[in-house]
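Data first, discussion second: the structure below is written as structure tokens.
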Amino acid sequence: MIDVYNKLLNQFGSKDWWPADTQFEVVIGALLTQQTRWENVERAIKNLKERGLLEQEPLSRIDLEELEELIRCTGFYRQKAKRLKSISEFFFENPDILKKPEDELRDILLSLNGVGEETADSIVLYAADRPRFVIDAYTKRICMCMGIKGDYGELQSIFEDSLPQDVPLYKEFHALIVEYGKRFCGQKRCTECILVENGKM
DNA sequence: GTCCGGATAA
DNA sequence: TTATCGGGAC
């Protein structure tokens, strides 16, 4: 896998993904970005920030319909508004939650409504700064093209076992995979794929 | 019309 | 495994 990482890094350079002022902002962004373009997430984040709502207590207490309007641009705004309120309440009541060991933290996150495996790992990696490799749709797709099959956990193990346990590397690699996926997989430029031609990772 | 930095209930 | 949630950009 490290070869794939180096190929992507050479092609695209460092991405500096997931800009955010606070850990909580990463958590909120992780929910808002589900099935949504990042540009639209930034608008919603800006809306919340301008009103001082990008903090645990204010966001947990905001009127539901008001919150829906502020995040409407991210789509799925009704379910996302409910989830944001409940997760804000949880983080307000458990302020040190991100300091827990990554395995325990991941299980706790998964028990929250609106948090599946990808979102949980995104929070563990980008908010808590712990080594958990994020598997998204592009990662699965690229693996399939390389002949690697498996469910979420199996693919995650393949990446984590073949890479040094390095948080910045995990962050960068996932960002590069998404960038690559957008440009090639998403545009169906399979004949130009630089990852599959030599087969193995 | 298609696609996005998915999760959930059925 | 499939339907649903959904606005915005192309």
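Chain A is the first sequence line, chain B the second, and so forth, proteins listed ahead of strands; every chain is numbered from 1. As the structure is a prediction and not an experimental result, all values here were calculated from the model.
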**Request:** Using modelled atom types only, decide if a donor and an acceptor are shared between the side chain of Arg141(A) and the backbone of Cys185(A) within a distance under 3.5 Å.
**Result:** yes

**Complete:** 5'-most contact on DNA chain B (nearest-nucleotide basis), Thr119(A) vs Arg141(A), goes to Arg141(A)

**dC4(B) to dT1(C) separation - C1' atoms, rounded to the nearest Å** = 22 Å

**Request:** Report which part of the nucleic acid Phe76(A) touches: base, sugar-phosphate, or nothing (heavy-atom distance under 4.0 Å, all strands).
**Result:** base

**Asked** For the pair made of CG in Leu110(A) and P in dG6(B), what is the distance, rounded to whole Å?
**Response** 16 Å

**Message:** Just to be sure I understand the rule, does Leu112(A) reach a base, reach only the sugar-phosphate, or reach nothing, if contact means heavy atoms closer than 4.0 Å?
**Reply:** sugar-phosphate

**Protein-nucleotide distance (Leu84(A), atom CG; dC5(C), atom P), rounded to Å** = 19 Å

**Complete:** Result for 5'-nearest mapping on DNA chain B, choosing between Gly114(A) and Trp18(A), is Trp18(A)

**Message:** Less than 4.0 angstrom between a side-chain N/O of Arg78(A) and OP1 or OP2 of dG6(C), yes or no?
**Reply:** yes

**Message:** OP1 or OP2 of dA9(C) versus the side-chain N and O atoms of Arg43(A): is any pair under 4.0 Å?
**Reply:** yes

**Asked** With centres under 5.5 Å and planes under 30° as the test, does Tyr126(A) stack with dG5(B)?
**Response** no

**Message:** Would you say the ring centers of Trp38(A) and Trp18(A) fall short of 6.0 Å from each other?
**Reply:** yes

**Prompt:** Base, sugar-phosphate alone, or nothing: which one does Gly75(A) contact when heavy atoms must sit under 4.0 Å apart?
**Reply:** base

**Prompt:** Taking Arg51(A) for the side chain and Asn47(A) for the main chain, is one N or O donor matched with an acceptor at less than 3.5 Å?
**Reply:** yes

**Chi angles and distances behind the salt bridge (charged side-chain N to carboxylate O under 4.0 Å, His left out) call for Lys49(A), Glu25(A)** = CA-CA 9 Å; Lys49(A) 223 181 244 183; Glu25(A) 184 176 334; 3.3 Å; yes

**Message:** Under 4.0 Å, counting only non-hydrogen atoms across every strand here, what does Arg72(A) touch: a base, just sugar-phosphate, or nothing?
**Reply:** sugar-phosphate

**Prompt:** Glu39(A) near the nucleic acid: base, sugar-phosphate alone, or nothing, with a heavy-atom cut-off under 4.0 Å?
**Reply:** nothing

**Message:** Counting distance alone, no hydrogens or angles: does the base of dG6(B) have a donor or acceptor under 3.5 Å from a partner atom on the side chain of Gln35(A)?
**Reply:** yes

**Prompt:** Do we see Tyr77(A) stacking on the base of dG7(C), given a limit of 5.5 Å between centres and 30° between planes?
**Reply:** no

**Asked** Separation of Ile142(A) atom CD1 from dG5(B) atom C1', in whole Å?
**Response** 13 Å

**Asked** Base, sugar-phosphate, or nothing: which does Val41(A) touch, judged by heavy atoms less than 4.0 Å apart?
**Response** nothing

**Request:** Grab the CG-P distance between Asp136(A) and dA7(B) for me, whole Å please.
**Result:** 10 Å

**Request:** Mind checking Thr74(A) for me? I need base, sugar-phosphate or nothing, with any heavy atom below 4.0 Å counting as a touch.
**Result:** base

**Request:** Could you measure between the two P atoms, the one in dT2(C) and the one in dG5(B), and give it in whole Å?
**Result:** 24 Å

**Request:** Examine dG6(B): is either OP1 or OP2 under 4.0 Å from a nitrogen or oxygen in the side chain of Tyr152(A)? Give yes or no.
**Result:** no

**Prompt:** Can the ring centres of Phe159(A) and Tyr170(A) be said to be less than 6.0 Å apart?
**Reply:** no

**Request:** Measure from CZ on Arg83(A) to P on dG6(B) and round the result to the nearest Å.
**Result:** 13 Å

**Request:** Whole angstrom is fine here: how far is it from NZ in Lys182(A) over to P in dC10(C)?
**Result:** 12 Å

**Prompt:** With a non-hydrogen cut-off below 4.0 angstrom, is Gln79(A) in contact with a base, only sugar-phosphate, or nothing?
**Reply:** base

**Message:** Donor-acceptor check, side chain of Asp136(A) to backbone of Thr139(A), threshold 3.5 angstrom: yes or no?
**Reply:** yes

**Request:** Would you check if there is a donor-acceptor pair between the side chains of Gln79(A) and Arg83(A) at a distance under 3.5 Å?
**Result:** yes

**Item:** dG8(C) and dA7(B), which share atom name P, separated by this distance in whole Å
**Value:** 23 Å

**Item:** Nearest-Å distance for atom pair NZ/P, residues Lys80(A) and dG7(C)
**Value:** 11 Å

**Whole-Å gap separating P (dG6(B)) and CG (Asn40(A))** = 12 Å

